[in-house]
Q: 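The structure is given below, and queries will be raised subsequently.
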Amino acid sequence: MITITNLCKIYGQGDKAVKALDNVSLEIPRGEIFGVLGQSGAGKSTLIRCVNLLELPTSGEITVGDQVITSLSGPPLRQARQRMGMIFQHFNLLKSRTVAENVAFPLEVKGLSKSARQSRVKELLELVGLESKFEAYPAQLSGGQKQRVGIARALAGSPDVLLSDEATSALDPQTTYAILELLRDLNRRMGLTILLITHEMSVVRQICSSVAILEAGQIVEQGRVNELALRP
Ligand code: ADP
Ligand code: ADP
């Protein structure tokens, strides 16, 4: 589903240059929950931002489906980005909009009619177990509920791929468990491919089938989670 080949990302120039990604290659099969594990500064955000086309790599190539996305610009780039959903550590909800309006936002951008948006939002909120919170504002929700809204919004455009950027790092262990179970359920029911980055081994153990370990911009180890001798 996602093929990353010899990806390099250098920020800045000259003696201020930082090599955030150093020749990273990964193969993420369709339908997989793939984890990238690493400490702060390892290059995880840079990697996921390159996949989401928020960041342009210095060199290397990323393919999603059968499309090379790293060479796109203009409308094709926007279309490629719409085929990926993303969830964030701090949820990134619009505070002045209700739950339903937050979820409807990408559908509005896509140009869906009001009635089509309403039925899709209902479906999405049911999918994440938040059908009772249509009219609530983000400030009235718990962290776990906010992330459910984030997941519903990320799935609004029926993406092939869900990117998760430390999506449970701001949540307590019980809520983390529930959100990860929801992601696993979505993966099973919809065949959704999930690329998640985390600094927590426990997250990888709970839901990932494969993992790559990133250190100082390089993949130092990768394989099936049940075959790697992972540190606790
Ligand atoms: P992680 O997500 O694993 O914490 P990042 O991808 O955020 O790692 O950062 C990897 C390295 O790149 C770090 O050394 C960080 O300081 C540097 N870095 C990240 N973003 C930028 C940027 N916009 N400009 C310069 N350096 C950056
Ligand atoms: P962090 O986890 O580092 O605190 P977030 O995960 O909340 O930060 O956000 C990561 C980056 O994504 C930020 O630089 C933010 O500007 C950007 N961002 C925020 N909202 C969106 C969005 N809806 N789509 C794409 N990128 C976003």
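First listed ligand is number 1; within each ligand, the first listed atom is number 1. Side chains included, hydrogens not; waters and symmetry mates left out as well; all remaining heavy atoms used.
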Q: Look at atom 7 (O) of ligand 1 and say which protein heavy atom is nearest, naming residue and atom and giving the distance to 0.1 Å.
A: Ser45 CB, 3.7 Å
Q: With heavy atoms under 4.0 Å as the rule, classify the contact between His199 and ligand 1 as side chain, backbone, both or neither.
A: neither
Q: If we count only N and O atoms by modelled type, under 3.5 Å, do the side chains of Ser96 and Tyr137 hold a donor and an acceptor together?
A: no
Q: Any protein heavy atom lying closer than 4.0 Å to atom 22 (C) of ligand 1?
A: yes
Q: I need the nearest protein heavy-atom contact for atom 8 (O) of ligand 1: residue, atom name and distance, please.
A: Gly43 N, 3.0 Å
Q: Which residue in the set Val36, Leu54, Leu163 passes side-chain contact (heavy atoms from CB on, under 4.5 Å) when paired with Ile48?
A: Leu163
Q: Report the C-alpha separation of Tyr11 and Thr58 in whole Å, then their side-chain angles, then the decisive distance to 0.1 Å, and conclude whether the side-chain hydrogen bond (donor to acceptor under 3.5 Å, both in side chains) test is met.
A: CA-CA 9 Å; Tyr11 291 108; Thr58 307; over 6 Å; no
Q: For atom 3 (O) of ligand 1, which of Lys16, Lys44, Glu215, Arg49 has the closest heavy atom?
A: Lys44
Q: Return the residue, atom name and 0.1 Å-rounded distance of the protein heavy atom closest to atom 15 (C) of ligand 1.
A: Val18 CG1, 4.8 Å
Q: If we only count N/O pairs under 3.5 Å, is Gly41 in contact with ligand 1?
A: yes
Q: List the closest protein heavy-atom neighbour of atom 12 (O) of ligand 1: residue, atom name, distance to the nearest 0.1 Å.
A: Ala20 CB, 3.4 Å
Q: Pick one of side chain, backbone, both or neither for how Thr46 approaches ligand 1, counting any non-hydrogen atom pair under 4.0 Å.
A: both
Q: Output all residues satisfying side-chain hydrogen bond (donor to acceptor under 3.5 Å, both in side chains) with Ser210, sequence neighbours left out; order by chain, then residue number.
A: Glu32, Arg224
Q: When you check the side-chain N and O atoms of Arg120 and Ser158, is any donor under 3.5 Å from an acceptor?
A: yes
Q: Of all residues at least two apart in sequence or in a different chain, which pass the side-chain hydrogen bond (donor to acceptor under 3.5 Å, both in side chains) check with Arg117?
A: none
Q: Exactly one of Glu200, Glu181, Arg184 should register a side chain to side chain donor-acceptor pair (under 3.5 Å) with Gln206. Which one does?
A: Glu181
Q: Which residue and non-hydrogen atom of the protein lie closest to atom 19 (C) of ligand 1, and at what distance in Å?
A: Tyr11 CE1, 3.4 Å
